[in-house]
S.K.: 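Before I ask anything, let me first share the structure, which is written out below as structure tokens.
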Amino acid sequence: MEINLQNLQSIIEELKPFQAQLVAVSKTKSAKEINQAYLAGQKYFGENYAQEMEEKHLALPKDIQWHFIGHLQSNKIKHIAPYVSLIHSIDSIKLLEEINKHGRKYNRVINCLLQIYIAKEETKFGLEFDEAKSILDWLITSNLKNIKVKGFMGMASNTKDEKQIKREFKSLNEFYAAHKKQYDLSVLSMGMTSDYKIALSCGSNMVRIGSAIFGERE
């Protein structure tokens, strides 16, 4: 299957004025398809499943930056800890402690984002704003040396109501802006294929785009 290289290049150009990073969401896609995007200059890829990501990491060039964007279970951390570039989906202290343990084992600092719940949907995971603030405060005194929280990730509601999507993204951007300096944050991961343009207008500096590049998942 050929990927849409024209879309890939136009999205990369579109992101430049926003200084935003593209994470190409490659879950369920083959190593061959990912390599097509890699050869076109894309180095950041997002996966939802730890073992699938591990297999692709072993099969593909080692300068690829792998982002874990799915819901992460503690027993799957071992599959990604040696090489993962950024974990987008942290929603508990327990998970941070477990990631830190694996980071120590491999003598590396594992970068993470706190996943914030901004959608009006039961099906999405994430922390409330006050919970995220508590975790950031806890980290200052926790002495966990093998993790670094770099910022936040949020998913807007799956709706055609652009005003609602904008409100949700804006609320996360305001929270990010209010805490960026105090906690040394630099990443705000918001926006997918359907809503990344709104996310960029609301301050996102990292977008996760899959189907516009790789086509719909089977």
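Positions are given from 1 along the sequence.
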S.K.: Can you find a side-chain donor-acceptor pair between E131 and Y117 that sits under 3.5 Å?
M.R.: no
S.K.: Would you check if L96 and L139 make a side-chain contact, meaning some heavy-atom pair closer than 4.5 Å?
M.R.: yes
S.K.: Does some side-chain heavy atom of M153 sit less than 4.5 Å from a side-chain heavy atom of L114?
M.R.: no
S.K.: Is any NZ, NE, NH1 or NH2 atom of the basic residue among E98 and K101 found under 4.0 Å from an Asp or Glu carboxylate oxygen of the other?
M.R.: yes
S.K.: Distance check, rounded to the nearest 0.5 Å: L39 atom CG versus I34 atom CD1?
M.R.: 12.0 Å
S.K.: Grab the two heavy atoms, one from L144 and one from W138, that are nearest each other, plus how far apart they are.
M.R.: CD1-CH2, 3.6 Å
S.K.: Would you say that R108 contacts N146 through its side chain, given a criterion of any heavy-atom pair below 4.5 Å between the two side chains?
M.R.: no
S.K.: Return yes when atom NZ of K181 has more than 12 non-hydrogen atoms of other residues, nucleotides or ligands closer than 6.0 Å, and no otherwise.
M.R.: no
S.K.: Please test V207 against L200 for side chain to side chain contact (heavy atoms under 4.5 Å, CB included), starting from the C-alpha separation and ending with a verdict.
M.R.: CA-CA 8 Å; V207 296; L200 290 170; 4.1 Å; yes
S.K.: Taking I93 as the starting point, is it possible to reach I140 by hopping between hydrophobic residues whose side chains are less than 4.5 Å apart?
M.R.: yes
S.K.: Is any side-chain heavy atom of M155 less than 4.5 Å from a side-chain heavy atom of Q115?
M.R.: yes
S.K.: Would you say CD of E97 has more than 12 non-hydrogen atoms from neighbouring residues, nucleotides or ligands within 6.0 angstrom?
M.R.: yes
S.K.: L185 and H179: which non-hydrogen atoms are nearest, and at how many Å?
M.R.: CD1-O, 3.9 Å
S.K.: Got a second to check how far L136's CG is from Q182's CD, nearest 0.5 Å?
M.R.: 8.0 Å
S.K.: Would you say K43 has more than 12 foreign heavy atoms packed within less than 6.0 Å of its NZ?
M.R.: yes
S.K.: Take atom OH of Y49 as the centre, draw a 6.0 Å sphere, and report whether it contains more than 12 heavy atoms from other residues, nucleotides or ligands.
M.R.: no
S.K.: Would you confirm whether N173, through its side chain, and C202, through its main-chain N or O, come within 3.5 Å as a donor-acceptor pair?
M.R.: yes
S.K.: With a 4.5 Å heavy-atom cut-off, do M53 and K27 have their side chains touching?
M.R.: no
S.K.: So, for R208 and S189, which heavy atoms are closest and what is the spacing to 0.1 Å?
M.R.: NH1-OG, 2.8 Å
S.K.: Enter the distance from L22:CG to K16:NZ here, rounded to the nearest 0.5 Å.
M.R.: 12.0 Å
S.K.: Under a 4.0 Å threshold between the charged nitrogen and the carboxylate oxygen, would D184 count as salt-bridged to K150?
M.R.: no
S.K.: Do Y106 and H102 have their ring centres less than 6.0 Å from each other?
M.R.: no
S.K.: Dump the intermediate steps for side chain to side chain contact (heavy atoms under 4.5 Å, CB included) on V84 and H57, then the final yes or no.
M.R.: CA-CA 9 Å; V84 67; H57 164 70; over 6 Å; no
S.K.: Can you find a pair of side-chain heavy atoms, one from Q42 and one from Y38, that are under 4.5 Å apart?
M.R.: no
S.K.: Write down the atom of S201, the atom of K166, and the distance for their closest heavy-atom approach.
M.R.: OG-CE, 3.9 Å
S.K.: Can you pull out every ring-ring contact (aromatic ring centres under 6.0 Å, His included) where at least one residue sits in residues 12-31? Sequence neighbours excluded, please.
M.R.: none
S.K.: About how many Å separate CG of N100 and OG of S142, when rounded to the nearest 0.5 Å?
M.R.: 7.5 Å
S.K.: Testing the basics here: between I147 and C112, what is the closest heavy-atom pair and its distance to 0.1 Å?
M.R.: CG2-SG, 4.4 Å
S.K.: Is the shortest heavy-atom distance from the side chain of Q36 to the side chain of L8 under 4.5 Å?
M.R.: no
S.K.: Applying side chain to side chain contact (heavy atoms under 4.5 Å, CB included), run through V149 and L113 and close with a yes or a no.
M.R.: CA-CA 6 Å; V149 170; L113 303 179; over 6 Å; no
S.K.: State plainly whether one hydrophobic cluster holds both L58 and I80, where clusters connect Ile, Leu, Val, Met, Phe, Trp and Tyr through side-chain heavy atoms under 4.5 angstrom apart.
M.R.: no
S.K.: Let me check something: any side-chain donor-acceptor pairs from residues 64-76 under 3.5 Å, sequence neighbours excluded? List them with distances.
M.R.:
{"from": "Q65", "atom 1": "OE1", "to": "S85", "atom 2": "OG", "distance (Å)": "2.8"}
{"from": "H67", "atom 1": "ND1", "to": "H88", "atom 2": "NE2", "distance (Å)": "2.8"}
{"from": "K76", "atom 1": "NZ", "to": "Q51", "atom 2": "OE1", "distance (Å)": "3.0"}

S.K.: Quick one: are I213 and N4 in side-chain contact, heavy atoms under 4.5 Å?
M.R.: no
S.K.: Quick one: pull up CD in E13 and CG in L15 and give me the separation to the nearest 0.5 Å.
M.R.: 9.5 Å
S.K.: In Å and rounded to the nearest 0.5 Å, what is the OG to CG distance from S194 to N158?
M.R.: 6.5 Å
S.K.: Whether K56 engages the ring of F45 as a cation-pi pair (distance to the six-membered ring centre under 6.0 angstrom, angle to the ring normal within 45°) should be assessed.
M.R.: no
S.K.: Please test S26 against F214 for side chain to side chain contact (heavy atoms under 4.5 Å, CB included), starting from the C-alpha separation and ending with a verdict.
M.R.: CA-CA 7 Å; S26 49; F214 292 104; 4.0 Å; yes
S.K.: Surrounding NZ of K148 (heavy atoms of other residues, nucleotides or ligands, distance under 6.0 Å), is the total greater than 12?
M.R.: yes
S.K.: Which atom pair, heavy atoms only, marks the closest approach of G215 to K29?
M.R.: O-NZ, 3.8 Å
S.K.: Does a donor on one side chain sit under 3.5 Å from an acceptor on the other, for S171 and E168?
M.R.: no
S.K.: Verify, without hydrogens or angle tests, whether T159 (side chain) and D161 (backbone) share a donor-acceptor contact under 3.5 angstrom.
M.R.: yes
